[in-house]
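Okay, so here's the structure we're looking at.
Heavy atoms only: backbone and side chains are in, while hydrogens, waters and symmetry mates are out.
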Amino acid sequence: MSAFVTVTSVTIAGVTFASATYEFDGKEHSIAVAGVPDGVEVVYTGDATNRTEVGTNTVTASFTVLDEQNYNAITKQLTATLAIVEPPP
């Protein structure tokens, strides 16, 4: 007996990149893409991690599919904002 199996690449779904606002406390704050499966690499443009100073930064996330046998390429970029605001007086 023999069998043929066809494996079809899937489109990745459920990936999110949420903006965040933190009140200044001198600690490091970051934002990150959630829901990224193994086999996909995220590259951030803009400062997404270890931000400590008051200000706003727009971050873009791009994706590289390392496992092309199982996943379709991701051409969409996601954008989110990381903001650190002054505490109230």
Side-chain angles (χ1 to χ4, degrees):
M1 178 185 344
S2 63
F4 293 94
V5 176
T6 302
V7 177
T8 305
S9 297
V10 297
T11 299
I12 298 169
V15 175
T16 59
F17 193 28
S19 295
T21 300
Y22 299 95
E23 191 173 284
F24 176 78
D25 59 6
K27 296 179 183 176
E28 295 179 344
H29 296 283
S30 4
I31 54 176
V33 174
V36 178
D38 291 339
V40 178
E41 179 180 83
V42 181
V43 177
Y44 296 99
T45 303
D47 187 8
T49 61
N50 305 327
R51 187 167 175 89
T52 58
E53 299 300 319
V54 171
T56 301
N57 191 36
T58 300
V59 181
T60 301
S62 303
F63 305 91
T64 302
V65 175
L66 305 173
D67 183 359
E68 293 179 353
Q69 288 184 323
N70 292 316
Y71 299 113
N72 294 323
I74 303 172
T75 56
K76 182 178 179 180
Q77 294 181 328
L78 300 177
T79 302
T81 302
L82 173 57
I84 298 179
V85 298
E86 292 282 351

Please report the shortest heavy-atom distance between [X] and [Y], naming the atom on each side.
X     : Y     : result
Val15 : Gly35 : CG2-O, 3.6 Å
Thr52 : Phe24 : O-CE1, 3.2 Å
Glu28 : Asn50 : OE1-OD1, 3.1 Å
Tyr71 : Asp38 : CE1-O, 3.3 Å
Phe63 : Ile74 : CD1-CG2, 3.7 Å
Glu41 : Leu66 : CB-CD1, 4.1 Å

### Task
Return yes if a side-chain donor-acceptor contact under 3.5 Å exists between Ser62 and Gln77, otherwise no.
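Ser62 vs Gln77: donor-acceptor pair found between side chains.
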### Task
Kindly check if the number of other-residue, nucleotide or ligand heavy atoms within 6.0 Å of CG (Asp25) is above 12?
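Atom CG in Asp25 is packed in, count exceeds 12.
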### Task
Tell me, yes or no, whether the heavy-atom count around Glu23 atom CD, taken from other residues, nucleotides or ligands under 6.0 Å, exceeds 12.
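Correct, the count exceeds 12.
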### Query
Any side-chain heavy atom of Ile31 within less than 4.5 Å of one from Tyr44?
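Result no, sub-4.5 Å side-chain heavy-atom pair not found.
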### Message
Using the rule side-chain contact (heavy atoms from CB on, under 4.5 Å), only one of Val59, Thr21, Asn57, Thr56 pairs with Thr81; which is it?
### Response
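Between Thr81 and the candidates, side-chain contact (heavy atoms from CB on, under 4.5 Å) is satisfied uniquely by Thr56.
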### Task
Measure up the Tyr22 and His29 rings against each other and bin them: parallel (under 30°), tilted (30 to 60°), perpendicular (over 60°).
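Parallel.
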